[in-house]
Amino acid sequence: MTKLGTKAHPIVVRVGTEERGQYIAQECALRGWQYIIGLEPGKPEDISDFEKARNPPVPIQSEKIARNDPCPCGSGKKYKKCCGAS
């Protein structure tokens, strides 16, 4: 997937006031992001693309559990004798 804020995938937002649109335009310009802002008073605001670009999700990394480590379920047994048993 293309990164948000690029020419191929600009940030698209809908705002209800001109002031809100100017704020988002300034924030995007500071970061060098491409954007499209729609001003639609009376409609619900949608700034989800802006929020996603500003706070990208952090990938979750799971820990690898060794066979002889304590089982993460809290039983006190080794993983291979508890949840890791096939």
Side-chain angles (χ1 to χ4, degrees):
M1 183 170 182
T2 308
K3 186 177 173 185
L4 268 173
T6 62
K7 191 172 185 175
H9 196 201
I11 294 169
V12 180
V13 298
R14 180 176 54 226
V15 296
T17 65
E18 196 171 320
E19 293 80 25
R20 183 76 163 156
Q22 288 174 353
Y23 167 75
I24 291 178
Q26 288 173 348
E27 291 295 314
C28 289
L30 284 173
R31 293 169 172 86
W33 294 337
Q34 300 292 314
Y35 58 90
I36 299 171
I37 298 176
L39 177 61
E40 298 182 27
K43 290 197 177 180
E45 189 172 83
D46 180 11
I47 61 168
S48 57
D49 277 1
F50 177 69
E51 293 295 329
K52 286 178 198 172
R54 198 166 61 168
N55 303 315
V58 178
I60 300 172
Q61 294 182 348
S62 61
E63 291 183 30
K64 179 151 174 114
I65 303 168
R67 291 176 37 83
N68 289 317
D69 287 346
C71 192
C73 75
S75 66
K77 297 179 182 179
K78 290 184 177 182
Y79 178 70
K80 68 180 178 185
K81 295 284 187 177
C82 190
C83 295
S86 299

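Throughout, residue positions are numbered sequentially from 1 according to the sequence presented. Hydrogens, waters and symmetry mates play no part in the numbers below; they use all other heavy atoms, side chains included.
Of the inter-residue distances, the one linking Leu4 atom CG with Cys28 atom SG reads 10.0 Å to the nearest 0.5 angstrom. Note that CZ of Arg67 is 9.0 Å distant from NZ of Lys81, once rounded to the nearest 0.5 Å.
For the side-chain contact (heavy atoms from CB on, under 4.5 Å) with Ile24, the lone residue among Tyr35, Trp33, Phe50 that qualifies is Phe50.
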Inset, instruction - Assess whether side chain to side chain contact (heavy atoms under 4.5 Å, CB included) is satisfied between Gln34 and Thr6, documenting all intermediate values. - result: CA-CA 5 Å; Gln34 300 292 314; Thr6 62; 5.7 Å; no
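Taking the salt bridge (Lys or Arg N to Asp or Glu O under 4.0 Å) definition, one finds that Glu45 meets it with Arg20, sequence neighbours left out.
Hydrophobic clustering (ILVMFWY, side-chain heavy atoms < 4.5 Å, transitive): Ile11 and Tyr23 are in one cluster. Criterion: ILVMFWY side-chain heavy atoms under 4.5 Å apart, direct or through other members. Under it, Leu39 and Ile37 are part of a common hydrophobic cluster.
The 12-atom threshold is not exceeded at CD of Glu18, counting heavy atoms of other residues, nucleotides or ligands nearer than 6.0 Å.
Nearest heavy atom pair, residue Lys77 against residue Cys82, reads CB-CB, 4.0 Å.
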